[in-house]
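Remember, it's a predicted structure, so these values are computed and weren't measured experimentally. Protein chains get the first letters and strands the later ones, always in sequence-line order, with residue 1 at the start of each.
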Amino acid sequence: MNSKASARFWGFNPRMFWEGFRQLRTVGILALVILTLAAILMPVGIAISELTVEEPVYSVRLVSLLNMHPLLTLLMPLAPLMVLMLFQFLNQRKSGDFYHALPVSRAGLFFSLFTAVMAWVLLIAVVSTAASLITTLCFPMLFQITFSSILPFLTATLSGALLLAGCAAVAMCITGTLFTNVLVTGLLFFAPRFLMIYVSEILQNIIEIIPGQYNNPFLDLSYNIPYALVAWVFTGDSTVSVLLDNWSGCLYTAVMGFIFLLLANFLFRIRHSEAAGQSASTPLLQTVYRLLITFLVTLIPVAVIVDRITGSSHINAEDCFFLLVLYLLAAIAFCVYELITTKKPRQLLKTAPSFLIVLAADAVLLLGIAGGYHSVLSFRPKASEIDAVSFSQQTYSARSYQENYFAARSKRIAIEDPKIAEIVSERLEAAARLNSPHGELRESANDAFTFLTSVRTGGVTRQRILTFTKEQTSVILSMLEKIPEYQSTYTLPQKSGDVSVRHFQLTQEQINEVYRLMVQEINALPFETRYALLAEGDHDGFDIDSIYVTANYRASFYNLSVPLTNTLTPKAYEKYLTYLFEEDDDRRDTVRSILQNLTQKQAEEKHLYIEVFDPVEQVTYGANFGGMSTRLFDNAIQMLDEGLSDRAPGMQETFCRITVEYPSEKDEYSWIAEDAYFTLSEQAKELLKSVNDGTIKEQVWIVD
Amino acid sequence: MIEVNNITKKFGSFTALDNVTCTIPEGCIYGMVGSNGAGKSTLLRLISGVYRPDAGEVLIDGEPVWENETVKAQIGFVPDELYFLSGASMTRMAELYKAAFPRFDQKRFRELADAFGLDTKKSIGTFSKGMKRQASTALALACCPKYLFFDETFDGLDPIMRTLVKKLICNDVIERKATAIITSHSLRELEDTCDQLALLHKGGLVLQSDVQNLKTSLFKVQIAFNRDFDRDTFRELNLLHYTRHGSVASIIVRGDREQTVAILQSKMPVLLDVLPLTLEEVFTYEMEALGYIFDDGMKEGTK
């Protein structure tokens with residue numbers, strides 16, 4: 001693009017930018033004040049609550065910008081709101097004509113005003129973040145802000161704001177009323193991803209052997225940051241962590257935002273001024289919006305039809321009635337949309353036949369699902385047709401940071417072995433034969449091992465979740481064992497610059513030592529045991545905790561968590577407990593003295609939470625003593641006190657974590673809590689067991 | 001100079017302008033008349049670069065106006081429906097204009113606001129309809145544009161303000177060699193201001209001519225003879241209209257007045273009165289000559 005063409009395309013006009021910036025000043029200043037105040041008040045509020053507690057403990061807490069300034073995410077909905085406000089002139093003929101009569105190119109007008117929106121967003125982000133940081137730094141005794149959390153959170157928020165603002169800008173260009181502006185913004189943002197996830201979920205529900213959406217990077221919610229947050233708020237399908245260290249998500253969201261921005265720029269330039277006041281800029285688009293809304297409503301009956309067709313039961317009269325009601329609702333949505341947007345009942349009669357298009361689209365969708373179903377199940381290559389196979393595990397996010405280290409590495413290892421090909425071919429055949437929505441395959445082979453299996457035939461790789469019998473698993477594992485790359489993959493990586501380990505209770509040195517022992521013990525295990533532990537977390541021992549590891553592999557970071565077990569990693573297990581008990585030396589005395597005091601304070605309410613870890617019976621359970629002091633309570637406390645030991649437990653010894661809560665002497669509404677680990681004597685163990693069993697009933701609640 | 005070449009503009013299935021061509025010379029005040037829906041506002045929006053024509057082109061000083069910032073910077077457009085930023089005062093609007101129009105003259109803006117007696121600090125929302133139009137006119141004139149387009153600009157103005165606006169437009173044309181286009185439903189409104197007039201009807205430019213020429217080229221003659229006569233009696237004249245009530249005929253003639261009188265006098269009439277026509281009558285007869293017959297309310301007759 002030469003400079004003239006580029007100027008015509010972008011045509012940034014500083015004066016119109018400033019004009020747009022001025023027009024947004026009321027909402028901009030309001031948002032700036034609110035978010036900056038929130039950014040200041042949040043750390044102050046937390047600090048006040050922590051500093052005013054009885055016997056405050058000045059422990060410095062690591063905090064991220066997200067912890068201290070979560071309201072920064074409000075910039076995401078603020079950006080499209082500003083777009084709707086600033087481009088509102090497009091909805092009125094007189095204002096549209098006014099702006100289009102100005103000696104500014106359309107592209108320049110659009111880009112300058114859009115930039116004004118993003119400038120406000122950026123300004124608010126920077127000012128409120130600075131306010132949050134300064135306030136947080138004012139409490140060094142309480143918070144230590146992780147500066148590395150600032151840029152990812154800011155980038156995630158700004159890219160989300162760009163995407164939503166881009167959607168709103170496109171919507172403004174293809175609609176002409178506030179109602180349709182908002183509606184089409186929502187459609188543009190939600191509908192494509194919703195439809196993809198809908199189809200993927202339906203296929204996954206009816207065909208158990210196809211992997212979940214998380215194995216399809218495009219469907220991973222964490223890529224679309226604002227969508228993931230909405231999913232998190234309304235369905236819990238996502239997590240707020242999409243705002244942290246989610247560079248791939250930031251990139252995807254920002255790229256989508258830029259695509260919408262370019263599209264809006266193009267549409268703004270070709271938009272007819274006369275579209276102002278019309279629900280859609282062209283009659284065709286009005287039809288598209290109406291049908292799309294109706295189509296989205298009909299996805300519910302389509303899902304019901306798919307469920308009935310693929311289920312064991314057939315569509316009965318009750319189902320027919322239900323479907324009729326659902327389609328009636330869709331028809332109502334169709335009519336309501338048309339009436340709201342055109343306000344012409346006569347127009348409704350004209351457009352009514354287009355409802356048939358929705359029905360046709362539903363039929364096409366059903367056919368598509370059926371096609372997908374048959375296409376998946378018809379993939380039954382003969383052993384000779386299989387070029388290569390790889391085995392890994394299902395992951396729960398395509399974002400590399402959340403992907404399992406072993407799964408990410410193992411899926412790259414292609415196995416070209418006729419015996420394996422034969423097994424996989426047989427499994428694919430069996431899966432196709434047995435696959436049903438009610439999971440016959442799973443039930444018939446529930447003792448076996450499940451792999452996410454990638455099968456390459458004729459240069460195309462398809463993924464299937466295949467369940468193998470014990471014998472087949474054994475053959476596969478013995479084959480995998482012979483592959484050096486596989487051996488090295490399923491080896492716990494040594495602590496290095498590329499591998500970091502973390503734990504919430506131990507110091508870095510302690511956890512490094514525990515991990516060093518784990519590496520020694522796990523890497524010495526036979527391949528099959530090691531594979532079961534690392535790939536599936538399977539072992540026959542008692543695990544008290546997991547060690548979280550982040551490993552760098554081929555410039556991407558992957559997560560893995562390794563269980564600490566008393567059978568497979570006894571040295572690490574023992575070391576871990578030794579450290580845990582060492583850390584609690586001081587606290588143990590405090591807890592003991594509180595326990596003794598508690599029995600003497602007859603009239604006071606107190607709570608005693610005990611989490612018991614029993615490696616022999618391989619169970620963890622909780623017991624909760626609470627309420628007013630009773631003789632039984634005092635006796636129990638006395639028995640318990642006598643049965644507590646300060647030393648770290650042996651491999652088969654039961655231990656517990658005691659948390660004592662009692663009311664503050666200064667403030668009747670405040671409670672003070674203290675906790676520490678103890679090794680239990682047999683007598684104390686029996687006492688707690690009886691609490692857990694419910695043998696001791698009076699004034700005792702059992703929690704698990 | 002403004003050149004409109006074979007412009008067509010459609011809104012859906014409705015053709016607002018159909019193959020319109022006209023040329024507006026520099027330094028002239030061009031009036032456009034026509035009934036509602038004739039296409040006046042559409043043509044003005046096309047000339048202002050607000051709309052893009054479906055066919056044809058609009059050239060100002062030889063350059064297309066659509067998406068041409070340089071050309072549009074020379075245009076001051078006061079549309080029929082006025083727009084001001086919500087809650088804005090004239091001062092605020094002047095800032096917007098200043099941001100967009102490089103030639104915006106703050107001093108002139110103040111002078112114009114004073115001339116109209118408008119409070120520049122007060123919210124325009126509180127202004128009356130006429131005051132809003134004055135404000136918009138003042139803002140457009142303060143841009144010192146080479147081309148001034150006014151759509152139904154006298155609508156809502158009292159006679160004094162109407163005169164003031166006309167005076168201001170004329171001053172701009174005379175002093176700054178500006179070119180103005182004014183649209184109106186009322187021909188009388190434009191009669192004393194415009195140099196050229198055009199009539200738009202149902203999306204077509206039916207007629208355009210120099211006002212002076214229009215006024216002098218047509219005249220009405222009332223004539224009677226002491227013998228029988230009919231239309232053929234005047235066949236050597238360019239007759240646009242002929243009616244006879246009893247022995248007196250009224251004829252509308254196009255041509256040289258002296259020559260016509262000489263011809264008629266040679267026919268020995270017993271009554272010969274030459275009467276001037278109002279511009280409205282000129283338009284009606286010209287239109288009739290073109291095949292349009294307008295009854296009350298400019299209804300189209302047979303063509």
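Atom CH2 of B/W66 is surrounded by more than 12 heavy atoms from other residues, nucleotides or ligands within 6.0 Å. Atom NZ of B/K132 has more than 12 neighbouring heavy atoms from other residues, nucleotides or ligands inside a 6.0 Å radius.
Among B/F84, B/F77, B/F101, the residue with the largest count of heavy-atom pairs under 4.5 Å with chain A is B/F101. Taking chain A as the reference chain and counting heavy-atom pairs below 4.5 Å, the highest number among B/R45, B/K72, B/Q74, B/E81 is found for B/K72. Between chain B and the residues A/P283, A/A101, A/S95, A/P14, the most heavy-atom pairs under 4.5 angstrom are made by A/S95.
We find the CG-CG distance between A/D97 and B/D80 to be 8.5 Å, quoted to the nearest 0.5 Å. One finds the CZ atom of B/R52 at 8.5 Å from the NE2 atom of A/H272 (value rounded to the nearest 0.5 Å). From B/S48, atom OG reaches atom CG of A/L102 across 11.5 Å, with rounding to the nearest 0.5 Å. Distance check, rounded to the nearest 0.5 Å: CZ of A/R106 to CD of B/E69 gives 12.5 Å.
Ion pairing of A/R22 with B/E95 is present here, as a side-chain N (NZ or NE/NH1/NH2) and a carboxylate O approach within less than 4.0 Å. Ion pairing between a basic and an acidic side chain is recognised when a charged N comes within 4.0 Å of a carboxylate O; A/E19 and B/R92 show such pairing.
Ring orientation note: the planes of B/Y97 and A/F98 are nearly perpendicular, at an angle over 60° on the 30°/60° scale.
The two residues B/Y51 and A/E274 make their nearest non-hydrogen contact at CE2-OE1, 3.7 Å.
Counting heavy atoms from C-beta on, the side chains of A/S273 and B/V50 come closer than 4.5 Å.
Looking at B/L85, the atoms closer than 4.5 Å to chain A (heavy atoms on both sides) all sit in the side chain, from C-beta outward.
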